[in-house]
Amino acid sequence: MIVPLSDSGIKFGMSNAISPPNPPKDIRRPSTAAQPAGLPHVVLAGRPNVGKSTLFNRLIRAKRAITHDRPGVTRDRMEGIVRRNGLPAYAVMDTGGVTLDAHAAVAEGPESLRGFEADILRQTEAALAAAAGVALVVDGRDGLLPLDEHLAAYLRRTGLPSLCIVNKVDGIEREDELTAEFHALGLPLVAVSAEHGHNMPLLAEMLAELARREDAPGEAVSPPKTALRLAMLGRPNAGKSSLVNALTGEERMIVSSIAGTTRDSVDVRFARKEREYVFVDTAGVRRRAKITDSLEKYSVNSSLKSASKADVTLLVLDAAQGVSQQDKRLVDLLGTRKIPFLILINKCDLAPRAALKQLEKNVRAMLSFCAHVPVLPVSAKTGQNLEEIMRLAEKIHAECHIRVPTGQLNRAMEEVLAKHQPPVVKRARAKFYYLTQAETAPPTFVFFVSDAERVPENYARYLERALRALFGIAHAPIRLHLRSSHKKKQ
Ligand code: GDP
């Protein structure tokens with residue numbers, strides 16, 4: 001949701017005085033308006049009359065437009081807060097600064113054009129000083145003008161994340177035609193109509209994306225590496241303790257960590273190749289002190305609880321025993337709850353080749369509804385595939401945290417939707433408006449469509465496969481939501 005910054009929805013920067021055709025110097029000073037606390041801001045830049053104010057008002061959802069009904073009012077800079085999921089997400093800043101009177105001057109000739117260009121640049125410069133990103137607004141009906149090119153070149157030099165908003169594109173029909181020449185600017189493009197609302201949700205997402213980059217400086221470059229949390233599940237005797245021992249390489253570590261304890265959860269921390277790991281809840285995988293101590297239950301509930309504490313879950317099957325009912329139930333639940341997991345077929349040193357192949361086949365069949373889950377034959381005894389366990393766990397974890405920028409997502413999916421159109425259901429096809437990645441861990445994609453009821457299961461699966469292929473999400477679970485939004489406009 002997008003809400004105004006202040007009650008009026010608008011925050012003035014410096015001046016709202018009646019402006020002479022050539023604004024005096026002092027109103028070009030940077031805004032003294034308080035920066036919304038800690039929020040990254042995205043600047044709207046552009047030449048006069050491209051619709052920045054309308055766009056700004058629509059973004060912050062302030063109905064009382066203050067520009068066009070009060071000709072001669074000079075704005076310096078205006079800021080509004082855009083909220084997402086009920087929380088202030090980022091601020092947009094309209095660099096404004098040009099009066100309606102001034103538009104006439106622009107039309108007069110190159111002399112005044114240069115004057116205004118300089119003026120706009122100055123204002124934009126001040127706003128850009130602390131910006132997370134900048135959007136260049138252009139007029140799709142006017143086409144590409146020299147001033148747009150100058151501004152784009154200038155914005156590129158700032159090195160800030162940028163995008164180009166082609167305004168006054170009233171519908172999807174003429175989008176290609178009206179945006180064609182703006183590709184030359186070398187910026188990501190989005191076609192919108194500030195007046196009619198076309199593509200506004202997509203724009204809001206793309207602006208959020210620009211803001212996000214500065215939101216967490218450095219994080220995208222080198223995320224702090226915290227220990228990867230693993231849960232080892234499976235029935236008693238499947239070889240969980242042996243695997244933990246083989247992986248940690250320090251049998252004593254586990255033994256000592258449970259000495260004198262009951263079945264309370266015990267976390268085992270270890271390092272491998274300079275990376276830290278934690279096996280959570282290893283009570284069930286402890287080395288039993290006595291053989292009589294065989295009370296360990298294989299409870300689906302406590303397994304799920306452990307899985308929920310981990311980044312990646314390892315479900316251990318015993319090659320000699322096959323798949324139990326309990327294993328099946330657990331797989332079902334891990335799958336439907338979108339828990340990242342992989343299946344280890346342990347003790348593969350004991351199983352003849354053919355038997356192992358058959359077991360793998362059975363396990364695969366059980367996974368038909370979550371085919372992304374890897375199945376790996378391993379042996380705690382011989383050490384077979386132990387490295388691969390860690391590699392896959394890391395990969396699944398990384399995939400869970402993939403974040404695809406909205407612009408990229410929409411551009412890529414456009415092709416996917418065109419290649420296989422949604423089928424006709426009840427005499428109509430669902431229209432796909434746009435999609436966004438709402439969350440990570442697991443990656444969650446939301447498609448806004450005309451009518452979710454008209455998207456059959458198999459088409460949703462096609463979309464999921466395409467997303468996985470395009471963005472390299474091979475083994476992590478993903479969520480896909482289809483949301484009906486009966487009107488395109490915001
Ligand atoms: P847990 O109850 O799942 O923790 O299972 P344990 O790790 O205690 O192992 C149960 C039994 O299986 C022990 O006797 C292990 O020595 C044996 N075992 C575990 N992994 C393997 C393996 O890969 N190959 C063979 N041959 N035996 C194994």
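Note that these values count all heavy atoms, side chains included, but never hydrogens, waters or copies made by symmetry. Along the sequence shown, residues carry numbers from 1. Both ligands and their constituent atoms are indexed starting at 1 by order of listing.
In this structure His401 satisfies the ring pair (Phe, Tyr, Trp, His ring centres under 6.0 Å) test together with His397, sequence neighbours excluded. Residues that satisfy the side chain to side chain donor-acceptor pair (under 3.5 Å) test with Asn167, not counting sequence neighbours, are absent from this structure.
When the options Gly383, Ser242, Gly234 are ranked by their closest heavy atom to atom 6 (P) of ligand 1, first place goes to Ser242.
Counting heavy atoms from C-beta on, the side chains of Ile343 and Val331 come closer than 4.5 Å. Residues Pro456 and Pro422 have side chains not in contact (no heavy-atom distance under 4.5 Å, counting atoms from C-beta outward). The side-chain heavy atoms of Leu467 and Leu409, taken from C-beta on, include a pair separated by under 4.5 Å. Side-chain contact between Leu314 and Leu342 is present, with heavy atoms from C-beta onward closer than 4.5 Å.
An N or O contact shorter than 3.5 Å is missing between Cys348 and ligand 1 by distance. Ligand 1 has an N or O atom lying under 3.5 Å from an N or O atom of Ala380, backbone or side chain.
Annotation for ligand 1: atoms under 4.0 Å from non-hydrogen atoms of Asn237 are 1 (P), 2 (O), 3 (O), 5 (O), 10 (C), 11 (C). Close approach of ligand 1 to Lys381 (heavy-atom distance below 4.0 Å) involves ligand atoms 22 (C), 23 (O), 24 (N), 25 (C), 26 (N). If you number the atoms of ligand 1 from 1 as listed, the ones under 4.0 Å from a heavy atom of Ser241 come out as 1 (P), 4 (O), 7 (O). Atoms of ligand 1 lying under 4.0 Å from any heavy atom of Arg235, numbered from 1 in the order shown and given with element: 3 (O). Counting the atoms of ligand 1 from 1 in the order shown, those under 4.0 Å from a heavy atom of Asp349 are 22 (C), 23 (O), 24 (N), 25 (C), 26 (N). In the vicinity of Pro236, heavy-atom distances shorter than 4.0 Å reach the ligand 1 atoms 2 (O). If you number the atoms of ligand 1 from 1 as listed, the ones under 4.0 Å from a heavy atom of Leu350 come out as 26 (N).
Judged by the shortest distance from any of its heavy atoms, Gln384 lies outside the 4.0 Å radius around the atoms of ligand 1.
Side-chain atoms of Asn245 and Ser242 include no donor-acceptor pair closer than 3.5 Å.
The residues Lys357 and Glu360 are annotated as salt-bridged, a charged nitrogen and a carboxylate oxygen being separated by less than 4.0 angstrom.
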